[in-house]
Amino acid sequence: METPTDCLNCGVCCFSKSATYIRVSGDDWSRLGDDAERVARFAGQNAYMRMRSGHCLALQVTTKRGQLPLFFCEIYSTRPQICRDLKRGSPQCEGELETKAHRVADHCRR
Ligand code: SF4
Ligand code: SF4
């Protein structure tokens, strides 16, 4: 799959079936500030972004008939480091697209 020119039209790397997909470090938790308890949670010793409907809770998905879906991270400026490190067009991004793009397409058709 070709890399999208804008992550707002993709959102694939924010999807996962795992409840412990996005690790939230101590620094991440501090950066999240007042949002931390709402968007993240502890599982044992470690914290993770909360997941809902197969994607990170912070991902807002907007679908309108006849338009491309929009994927918006509501905490973009304070998102965890692991999200900051995943660059569009990188091998990790390509891997995400390869394995999960079909799942996101299905999600948006529902
Ligand atoms: S980084 Fe890659 S997989 Fe993630 S939203 Fe952007 S284009 Fe999609
Ligand atoms: S914090 Fe934002 S960028 Fe990271 S997985 Fe969640 S929605 Fe995606």
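Side chains included, hydrogens not; waters and symmetry mates left out as well; all remaining heavy atoms used. Note that ligands are numbered from 1 as they come in the structure, with each ligand's atoms numbered from 1 the same way.
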Proximal atoms of ligand 2 relative to Pro80 (non-hydrogen, under 4.0 Å): 1 (S)
Would you find a donor on one side and an acceptor on the other, under 3.5 Å apart, between the side chain of Arg50 and the backbone of Ala40? yes
heavy-atom search around atom 8 (Fe) of ligand 2 in the protein gives Cys14 SG, 2.3 Å
Residue of the set Thr62, Thr63, Asp6 for which side-chain contact (heavy atoms from CB on, under 4.5 Å) holds with Leu70: Thr62
Ser30-Asp27 side chain donor-acceptor pair, cut-off 3.5 Å: no
Atom 6 (Fe) of ligand 2 sits nearest the protein heavy atom Cys56 SG, 2.4 Å
For Cys13, the ligand 1 atoms whose distance to one of its heavy atoms is below 4.0 Å: 1 (S), 3 (S), 4 (Fe), 5 (S)
Please identify which atoms of ligand 2 are closer than 4.0 Å to at least one heavy atom of Cys73. 1 (S), 2 (Fe), 3 (S), 7 (S)
Could you list the atoms of ligand 1 found under 4.0 angstrom from a heavy atom of Gly11? 5 (S)
Check each atom of ligand 2 against the heavy atoms of Ile75 and keep those under 4.0 Å away; list them by number with element. 1 (S)
Donor-acceptor contact present, side-chain Arg31 to main-chain Arg79, <3.5 Å: yes
Among all the protein's non-hydrogen atoms, which is closest to atom 2 (Fe) of ligand 1, and how far away is it? Cys93 SG, 2.4 Å
Who pairs with Asp106 by salt bridge (charged side-chain N to carboxylate O under 4.0 Å, His left out), at least two apart in sequence or on another chain? Arg109
Could you tell me whether a side-chain N or O of Arg23 sits under 3.5 Å from a main-chain N or O of Ile82, the two making a donor and an acceptor? no
By number and element, which atoms of ligand 2 are closer than 4.0 Å to a non-hydrogen atom of Ile22? 5 (S)
Check ion pair Arg38-Glu74 (N to O, under 4.0 angstrom): yes
Can you tell me if Cys10 has an N, O or S atom under 2.8 Å away from atom 8 (Fe) of ligand 1? yes
Please determine whether Cys83 has a backbone or side-chain N, O or S atom lying under 2.8 Å from atom 4 (Fe) of ligand 2. yes
Residues Pro69 and Asn9: closest non-hydrogen pair is O-ND2, 3.7 Å
Is the contact between Leu59 and ligand 2 made by the side chain, the backbone, both, or neither, using heavy atoms and a 4.0 Å cut-off? both
Would a distance-only check, ignoring hydrogens and angles, find a side-chain to backbone donor-acceptor pair under 3.5 Å from Lys100 to Phe15? yes
Would you mind listing which atoms of ligand 1 come within a distance below 4.0 Å of any non-hydrogen atom of Leu86? 1 (S)
